[in-house]
Amino acid sequence: MTKTKLSSTLPPAEEAARYLDNARKILSEKAGKKDGLYADVKYVKMASGTAYSAALLILDEFLKQKEGEKFIKPKSIDDYTNRIRKYDKKLLRLMVDVYDELHIIGYYHGTKSVNTIQTGLNNVSQMLAYI
């Protein structure tokens with residue numbers, strides 16, 4: 001049996017958009033919505049993690065484009081923050097918002113707030129324009 005490397009053949013922007021679409025699909029098909037709240041936190045966490053992964057793909061590609069051969073994948077949110085700050089303040093603000101809305105509030109805390117998660121997803125959509 002041979003092992004093959006599974007890697008995406010899509011360009012980074014399309015791959016990130018695919019992650020974002022998957023997150024939206026998880027929310028619409030599985031999380032259930034009532035009175036501005038999601039019914040099942042498990043799926044909110046799953047979708048938040050997926051959408052946050054899209055944001056990281058976007059940030060990595062943005063940094064690759066800016067840093068070229070010097071690019072090394074950031075190892076922490078502080079590393080992302082410091083490096084993105086050098087290039088684009090608006091993207092930095094979007095990144096900080098997405099980190100809070102999707103990674104901390106959505107994924108770790110498992111919020112049921114539809115508004116918080118939708119704001120995070122919209123911010124990731126805005127980030128796509130940077131790559």
Side-chain angles (χ1 to χ4, degrees):
M1 183 186 296
T2 62
K3 288 186 180 182
T4 58
K5 183 178 178 183
L6 295 176
S7 64
S8 174
T9 57
L10 294 175
E14 289 180 32
E15 184 71 0
R18 187 175 74 89
Y19 275 47
L20 190 55
D21 288 342
N22 287 343
R24 290 184 193 280
K25 189 174 182 180
I26 291 166
L27 290 169
S28 68
E29 292 179 1
K30 303 203 179 211
K33 233 191 291 190
K34 185 178 180 186
D35 300 327
L37 299 175
Y38 287 112
D40 196 333
V41 172
K42 170 185 165 183
Y43 294 109
V44 173
K45 287 183 166 197
M46 185 185 299
S48 295
T50 302
Y52 184 67
S53 293
L56 294 179
L57 286 171
I58 293 164
L59 294 172
D60 288 345
E61 181 60 23
F62 178 82
L63 288 172
K64 282 179 191 173
Q65 291 173 3
K66 293 296 183 183
E67 297 174 351
E69 292 180 12
K70 295 179 181 180
F71 173 77
I72 297 172
K73 185 166 176 55
K75 298 195 184 313
S76 68
I77 191 64
D78 291 331
D79 196 5
Y80 277 106
T81 301
N82 292 332
R83 289 165 65 183
I84 297 294
R85 178 178 283 122
K86 293 177 192 176
Y87 303 110
D88 196 292
K89 301 288 193 274
K90 185 173 181 200
L91 180 58
L92 174 66
R93 286 189 299 273
L94 286 169
M95 182 202 75
V96 170
D97 287 345
V98 165
Y99 178 77
D100 288 344
E101 294 153 352
L102 296 176
H103 189 61
I104 301 298
I105 299 169
Y107 183 75
Y108 279 115
H109 294 294
T111 186
K112 289 187 170 194
S113 171
V114 170
N115 189 46
T116 300
I117 299 304
Q118 291 303 317
T119 301
L121 296 175
N122 291 336
N123 285 337
V124 175
S125 292
Q126 289 179 48
M127 291 173 69
L128 271 170
Y130 285 86
I131 59 170

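- Cluster annotation: Ile104 is connected to Met127 through the hydrophobic network of ILVMFWY side chains, with a link wherever side-chain heavy atoms come within less than 4.5 Å.
- Between Ala54 and Ala16, the closest heavy-atom pair is CB-O, 3.4 Å.
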field: side-chain contact (heavy atoms from CB on, under 4.5 Å) assessment of Leu59 paired with Met95
entry: CA-CA 8 Å; Leu59 294 172; Met95 182 202 75; 3.4 Å; yes
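- If you take CD1 on Ile58 and CG on Leu128, they are separated by 4.0 Å, rounding to the nearest 0.5 Å.
- Between Gly106 and Ile117, the closest heavy-atom pair is CA-CD1, 3.7 Å.
- Across Asn123, Thr116, Asn122, a single residue satisfies side chain to side chain donor-acceptor pair (under 3.5 Å) together with Glu101, and that is Asn123.
- When only modelled atom types and interatomic distance are considered, Arg24 and Thr50 share no side-chain donor-acceptor pair under 3.5 Å.
- Side chains of Tyr43 and Leu27 form no contact here, defined as non-hydrogen atoms less than 4.5 Å apart.
- Among residue pairs with one or both ends in residues 49-66, those qualifying as salt bridge (Lys or Arg N to Asp or Glu O under 4.0 Å) are Asp60-Lys73; sequence neighbours excluded.
- Leu37 and Tyr108 fall into different hydrophobic clusters, where Ile, Leu, Val, Met, Phe, Trp and Tyr residues are linked whenever their side-chain heavy atoms come under 4.5 Å apart, directly or through other members.
- A salt bridge does not link Arg93 with Asp97: every distance from a Lys NZ or Arg NE/NH1/NH2 to an Asp or Glu carboxylate oxygen is 4.0 Å or more.
- Legend: residues meeting ring pair (Phe, Tyr, Trp, His ring centres under 6.0 Å) with Tyr99, ordered by chain and number and at least two apart, are His103.
- At a threshold of 4.5 Å between side-chain heavy atoms, the hydrophobic network of Ile, Leu, Val, Met, Phe, Trp and Tyr places Leu63 and Tyr130 in one connected group.
- Side chain of Lys86 to main chain of Asn82: no donor-acceptor pair is present (N/O by atom type, distance under 3.5 Å, no hydrogens or angles).
- Within the structure, no pair that satisfies the ring-ring contact (aromatic ring centres under 6.0 Å, His included) test touches residues 61-89, not counting sequence neighbours.
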message: Please evaluate residues Asp21 and Arg18 with respect to the criterion side-chain contact (heavy atoms from CB on, under 4.5 Å), reporting the C-alpha separation (whole Å), side-chain torsions for both, the decisive distance (0.1 Å), and the verdict.
response: CA-CA 5 Å; Asp21 288 342; Arg18 187 175 74 89; 5.6 Å; no
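- Summarising the geometry, atom CG belonging to Asn22 is positioned 7.0 Å from atom NZ belonging to Lys25; distances are rounded to the nearest 0.5 Å.
- Judged by distance alone, with hydrogens and angles left aside, the side-chain atoms of Asp88 form a donor-acceptor pair with the main-chain N or O of Lys90 at under 3.5 Å.
- Comment: Glu67 does not engage Lys70 in a salt bridge, judged by the lack of any side-chain N to carboxylate O separation of less than 4.0 angstrom.
- Nearest approach of Ala31 to Val44, heavy atoms of both residues: CB-CG2, 4.3 Å.
- Contact detail for Gly110 and Val41: the closest heavy-atom pair is O-CG1, 3.3 Å.
- Cluster membership check: Ile26 does not share its hydrophobic cluster with Leu121, using side-chain heavy-atom separations under 4.5 Å among Ile, Leu, Val, Met, Phe, Trp and Tyr.
- In the hydrophobic clustering of this structure, Met46 does not group with Tyr52; members are Ile, Leu, Val, Met, Phe, Trp, Tyr whose side-chain heavy atoms approach within less than 4.5 Å, directly or through other members.
- Annotation: the span from Ile131 atom CD1 to Glu14 atom CD amounts to 10.0 Å, rounded to 0.5 Å.
- Pairing each heavy atom of Asp79 with each of Pro74, the nearest pair is OD2-CA, 3.2 Å.
- Under the 4.5 Å side-chain criterion, counting only non-hydrogen atoms from C-beta, Pro12 is not in contact with Leu57.
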